[in-house]
Structures are given as C-alpha cells and as structure tokens.
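This report concerns only the one structure given below.
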Number of protein chains: 2
Amino acid sequence: MSRKPRVRSGSGVTMHDVARAAGVSAITVSRALNQPQQVSPALRDKVMQAVDALGYVPSRSASTLASARSRTVLVLIPSLGNTVFLDTLAGIETVLAEAGYQMLIGNSHYDAEQELQLLRAYLQHRPDGVLLTGLSHAAPFDALLRRHRLPAVYMMDLADDGRCCVGFSQEEAGAAITRHLLERGKRRIGFLGAQLDERVMKRLSGYRAALAEAGCHDAGLEWLDPAPSSMQMGADMLDRALAARPDCDALFCCNDDLAIGALARCQQLGIAVPARLAVAGFNDLQAAAWCTPALTTVATPRREIGIQAARSLLAMIEGDAPQALRLDLGFALMLRRSS
Amino acid sequence: MSRKPRVRSGSGVTMHDVARAAGVSAITVSRALNQPQQVSPALRDKVMQAVDALGYVPSRSASTLASARSRTVLVLIPSLGNTVFLDTLAGIETVLAEAGYQMLIGNSHYDAEQELQLLRAYLQHRPDGVLLTGLSHAAPFDALLRRHRLPAVYMMDLADDGRCCVGFSQEEAGAAITRHLLERGKRRIGFLGAQLDERVMKRLSGYRAALAEAGCHDAGLEWLDPAPSSMQMGADMLDRALAARPDCDALFCCNDDLAIGALARCQQLGIAVPARLAVAGFNDLQAAAWCTPALTTVATPRREIGIQAARSLLAMIEGDAPQALRLDLGFALMLRRSS
DNA sequence: GGCAATGATGTTAGCGCTAACAAAAGCGCG
DNA sequence: CGCGCTTTTGTTAGCGCTAACATCATTGCC
C-alpha cells in the first residue's frame, strides 16, 4: 500500500512567518490579534498588514493547546429534525458568534446512551462549556460533566436544584392549554403523546393536574406512544382515540406535528372542529397558523431560550455568575380556530 | 480587576499519565488508541484498562497539532431553519460519525459575504474538507478554498466543470413539475418565487423552458421576491398574483412553504383547488402530504445527498478519487390532490 | 547457528501557539 | 535629573500529542 503524502493543512503560514514579515516577535502578533489594546497602534498596523499580505489564519488547535481555552461550546440537542431545537440553535449561534465562540452540535436522537457517547466524543475538543436540552440525563453523563468541571446550562425546562437553567414550566404550559379547553366547555379532553421524552411527560402531568382540578380527569382518554412523533402518527392516533372513545370532545396533542396530522384526519373524516372535537397542539410551529382550521397551540420562546442560555453559559465560562440561575421565559397560548 | 484562576480544561489526565499507569511509553498508548492492530493484545488491554481507570479523554487539539489532521469536516448551509438542509445534515452526520470525523456547521443565512466570513473563521480549525451547498460562491471564497487546498464537495446541484458534486438537476425538476401541470390541461401557469437563491432561479428557468416548449410562456405570470420564503409570504403572493392575473389557472411555487401558504389562502377565499387553480410546491416537506388539499410537489433526495456527499469527501480526504465526480440522485414527482 | 526480515516498543523532536516572567522604554514629578 | 511607575515588547518554556526514526525481540530459513 502506497503511503499518502502528508501535507500540512492550512495555507502553511504560521504566526512566526507573520512576525518575521512584520519585524516583530511572535508574541506581539498574538497580542495584536487577541488583545489589540496592549499593542501600540504602529505595530498593530504593521502586524495586520503582514497578516493580510500572507493570508495568515491562526490555528485554533495550537491556541487551545497553549491557552487551555478552546472558545468552543458544546450544544446537545435531542433531534435535528425538529424545528423547535433549530430555533434554539439559531439563537445560540448569534450570541456565540458575537463572542468569538464556536458551537459544536451533537444530536442525541432522544437517546440517553447516545448522549453519553456524544459527550465523550466531543470532550476531545475540550469545550469550555455545555448547553443541554432537558434536565434529566444518564448518571454517568452527569458524572462526566462534573469530572471535567464543565459549566453547563440546561435549556427548555426549569430546575430547582441550583443548576443553571433557562426555559419555562412544561407542566404549567400543559395545564394552561388544558384549562383553555375546559373554558371552551369541553369535558372529555384527551391527550395524544408521542416520543414521551421528559418534556412531553411534564406536559401530560400538567394536563392531568388541570383536569383533576376540574374534576374530570379520565385515564382512559390518554394515548401514549414512545415512537417519534410525526403528522402520520397524529392521524393514526386520532383514529385510535375516536374508535376507543367516541365521546371524546377535545384533544391536547403533545406537539404540533401530532396536532396537524390529527386535524388533517378530521378534515378527511368530516369531523367538525372545534364543535364536535376541539384540537390543541404545542410549540406553535409555522404551519400551525396555516392548517385548516388554524391550530390553537402554545407558543414557546425557543429562540430566546437559546440566546439567554448562551449568555448565561458565557458568563459562567468567564467565571462570573449567570444573570439568573433559573430563568423562566414563560409561554403564550395561541388561540385559533381549532378550539 | 481580579484575575480569574486558570484551570486546565479536561479532567487533566494526559496520555503520559495513562502511559505511566500502564507501564508503557506514551507512543504505545497513542497506537493502542489509534492503530490498535500495531500493538500486542497484552499491552493493548493494559492500556485500555488504564484509560478506563483514569477516565482519559484524548485531546483533539494536541492530536491535530501533531498530526496535521483534524478529523473535522466543515459543512456550510444557507439556513438552519429549513428542513431541507437538516435532512442533509442528518445524512452527513451518520457517515462522518461512523468514520470518527466530526462536523462543524456554518450557517450562511443565504449570504455570500457571511459565507466567506464563516469559511475564514472555521479555517482556524483546519478542517480536512468542506461540504458546500450550491455551486456558486464568492470569488474570494473559491480562492481561499484553493489556497488551503481543501477538498470540497458541492451539494444539491450538478456542476459540469470537474468539481465533485452530489445532487440533482434543479432545472430538470422545475421543468418536470411544470410539464405535469401542462398535462393536467393548465395553460396559464404562474411561478411564485422567494429567496431567489441559485436553486430557485434554476427551477424558474426549468419552468420557463417547459412552458416555452409548450408555447405558453408568459413573463407576466412570474412573481419573484428576494425576501426569505414563509407560509405567510405564500399567502400574500397568492393574493398579489390573483389580483394581477385572475386568469392564472395553476401555480408552481418554488418551495413547499410558499405553496402551503398559498393553499391555505385558497381555502380561506373559497378558491377551488385544483379545478380553478392547481398548486404545486417543491421539496416534499412532511406537511405537504397533510395540508388541504394534499400538495403536489417534488420529492428531493436530501438525506441521500448528505450521505453520498460525505462519502465522497471522505474518499477525497484519504487521497482517493470519489466514487463519482458528478452524482445525480434524481428527484420524484409526488402527485397529490392539489393538482 | 547466523543472518535478514518482520514486528513490537521506545526515543526524540517539534507541531503553532500563549502564560509567565523579564526587560526595556516612556512618563510624571519633585 | 533621577526615582518609581506604567506601558510596550521580548524571551523562555511547555501545552499534549504523533511522525520519523531507532532499538530490541522474534521468527524463518538455509
């Protein structure tokens, strides 16, 4: 087997080349780039000129190795296919980019074991901090975080144990939308749940609490399926639910995908929404406002969660305290035609 | 200002610690981890035991610096909010993860200048290769790629100039869906376009070609808006189009977002779809099958594009030729009720 | 048994950068 | 003018790893 020739990546220009070209020492180049105010304007200009002339691009690896700071943040999310997390990612990105940090994205596919593997793999990059989705993670996962003394911010939900978190109360939100259905005069309100991750289960428990409060909780109106949610699944679950309980007069779907599928199925079957069956979703995806009839749902501050979580994490990385250890960004009911 | 204490990140365990614990030299640890077949089973076991016992996590920076290989691939996409690119990312991820590579994701927001900045920023990580969306990029962008001798694979479209690309013919796809509308007996077929990126313009030119072929191209039936596409925008454009040309009998929307918005507006206005106005979209998003009426659209092999592009890139990184320099994965018409 | 070929392990040097300290230059003020 | 002070620049060492070479043991073969 012939050995492949080894070529240094990058354009091959190092900080020393820049230093030589500018007639200064390497450390001056380093400072001109990283702490410009510490270098006299004259030298700074000379350095910058040399940088441009040579097309110098600093090596992050060398910098990380020498300074023990990677200026990199690890973001772990459960799914790349879900708009919810993308909005959050977009928010994170704006904050990190501005601060000169870069973001490593890990997709755990809603699997605790995979999440652990991802953390292990990405630790090789020595991230300065981690942004996590949800509060509960595998025990070895938490241990690994602690062992590496990694600042972490938990997104999407609220903890009460001193961990830094940015989100809203999933339980409260589930209760709120259920109460809205109650106010609309519905009494036999069903729950469609898929994926069954931590957040879905909390919405479910909010739903139960609200119904119990009103004295009309009925365990026979809950349909749960651990498979990933999709519109197809929403349609299928609607069929199942109505077959089992034709008296059901409203449905709270744990997310908009399910709700949109259920709604479409109602259209096909000629079921009057909301008169015969009211439908509510969760997340307020773009499509929720555009299906027929428009979907009542819960708007969640996903982008803002990303922004605030990234800010808190950067503060922790700098050794400061985050603005708030427990940041509740709330949610909003979007009341539309489907209820 | 008090100086923050500096702490090495990572758990602080280095390869030398592992070597000492296992009673071997550092290079043996390195080999046991990276080229296990070069180390005798006995030593390999001892090393692995020490690795586990100490919780050693290798430092990617040090490895990158010493070996001039980062095992990292840069992926540049125009948008994080678009499911199209997410499916592609998911495909890329599976291939890269399996090969032990990691993926840096850059979001250019459909902006050539930002894309250039991103490349510059991410070059600091010395990626071993790049996956790009679309064929045309800023001139300095191409120059930078060349200067750094970065293997690149272009996704989503097909080039004829020797660049490695994986995708399908946007133009052909645009023509195909237009021909379908012609076959349905429509003659005054309009085009709704937003974003107006390279791919949208190619779909437009396919649309024009198909109509010219049939002798019914009418430039007055094209509505183009450079703003980002959304369902809201689809609804607005439908209003505009019908106000300007009430004789329009079909619409090819450059993507499903626009089409779904237009379709919803038709529902609101009581316009009969497809009898009075047929509607077609592009991409086959999940929601396309679930709107009312179900949307005719073009299914694109997004995930497969990611997979094949990543495979080709890995081959190029290893110094081999990619399986095919120009890989056409085709597309499929999804004919549904809206036409 | 001796010698080359093969395989397993070790030694050395250095990847490109920055922390920490050192030195030099400028500055204010009595 | 000379003292301490701040500001600017430089020197040294080493971050954790791996390529390249060196060394040592093993094996096969005549």
Side-chain angles (χ1 to χ4, degrees), chain A residues 3-47 51 54 56-72 100 123-126 128 148, chain B residues 1 3-20 22-47 51 54 56-72 123-126 148:
Chain A
R3 290 211 46 74
K4 310 282 161 44
R6 225 174 114 257
V7 184
R8 285 266 139 203
S9 53
S11 56
V13 180
T14 76
M15 188 174 269
H16 280 93
D17 299 329
V18 176
R20 204 171 313 119
V24 298
S25 71
I27 193 71
T28 302
V29 176
S30 172
R31 284 198 274 248
L33 292 170
N34 301 318
Q35 301 132 38
Q37 77 291 348
Q38 284 193 25
V39 177
S40 66
L43 274 196
R44 208 188 305 154
D45 286 355
K46 258 205 281 190
V47 169
V51 165
L54 299 178
Y56 169 67
V57 178
S59 158
R60 205 83 163 194
S61 316
S63 168
T64 297
L65 193 55
S67 69
R69 306 195 67 201
S70 61
R71 298 199 158 271
T72 281
L123 276 177
Q124 300 192 353
H125 289 281
R126 302 289 187 269
D128 294 332
H148 286 256
Chain B
M1 232 177 73
R3 290 211 47 75
K4 312 281 162 43
R6 227 175 111 256
V7 184
R8 285 267 138 202
S9 53
S11 55
V13 180
T14 76
M15 188 173 269
H16 281 92
D17 298 329
V18 176
R20 203 170 315 120
V24 299
S25 70
I27 193 70
T28 301
V29 176
S30 172
R31 283 198 274 248
L33 292 170
N34 300 319
Q35 300 133 38
Q37 77 291 349
Q38 283 194 26
V39 177
S40 65
L43 276 196
R44 208 188 305 154
D45 285 354
K46 258 206 277 189
V47 168
V51 165
L54 299 177
Y56 169 66
V57 179
S59 158
R60 205 83 162 198
S61 317
S63 167
T64 298
L65 192 55
S67 69
R69 305 195 68 200
S70 63
R71 297 197 158 272
T72 281
L123 276 177
Q124 300 192 353
H125 289 279
R126 303 288 187 268
H148 286 257

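Any value given below was found using the heavy atoms of this structure, including those in side chains, with hydrogens, waters and symmetry copies removed. Below, read A as the first sequence line, B as the second, and so on, with proteins coming before strands; counting in each chain starts at 1. What you are looking at is a predicted structure, and each value in this text was computed from that prediction instead of being measured.
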Find the distance R60(A):CZ to dG16(D):C1' and express it as a whole number of Å.
-> 19 Å

Sequence neighbours excluded, every pair satisfying salt bridge (Lys or Arg N to Asp or Glu O under 4.0 Å) that has a member inside residues 36-46 of chain B | none

Among dA19(D), dA19(C), dG16(C), the one nearest S67(B) by side-chain distance = dA19(D)

Check the distance between dG16(C)'s C1' and Q124(B)'s CD and give it to me in whole angstrom.
-> 13 Å

Which salt bridge (Lys or Arg N to Asp or Glu O under 4.0 Å) pairs, counting each pair once, include a residue from residues 16-43 of chain A, with sequence neighbours left out?
-> D17(A)-R20(A)

Quick one: pull up OG in S70(B) and CG in L65(B) and give me the separation to the nearest 0.5 Å.
-> 12.0 Å

Nearest-nucleotide pick for T14(B), side chain only, options being dG16(D), dG14(D), dT18(D) = dG16(D)

Interface residues of residues 36-44 of chain A with DNA chain C (non-hydrogen, below 4.0 angstrom) | none

Within residues 15-31 of chain A, find the residues that approach DNA chain C with a heavy atom at under 4.0 Å, and present them sorted by residue number.
-> M15(A), H16(A), I27(A), S30(A)

Measure the distance from CD on Q35(B) to C1' on dG7(C) and round it to the nearest whole Å.
-> 14 Å

The side chain to side chain donor-acceptor pair (under 3.5 Å) partners of T28(A) (sequence neighbours excluded) come to S25(A)

Taken to the nearest whole Å, OH/Y56(A) to C1'/dG16(C) is 7 Å

Check nucleotides 4-6 of chain D for protein N or O atoms closer than 3.5 Å to its own N or O atoms and list the pairs.
none

In whole angstroms, the gap separating P of dG16(C) from CZ of R126(B) amounts to 8 Å

Between atom NE2 in H125(A) and atom C1' in dC17(D), what is the gap in whole Å?
-> 15 Å

Whole-Å distance separating the CZ atom of R71(B) from the P atom of dT18(D) = 10 Å

Rounded interatomic separation in angstrom, taking CG from L65(A) and P from dC17(C) | 12 Å

Between the two end axes of the helix from dG1(C)-dC30(D) to dG30(C)-dC1(D), each built from 5 base pairs, what angle do you get to the nearest 10°?
-> 30°

Expected output: side-chain S63(A) to main-chain S59(A) donor-acceptor under 3.5 Å | no

Side chain to side chain contact (heavy atoms under 4.5 Å, CB included) partners of Q37(B), counting only residues at least two apart = Q35(B)

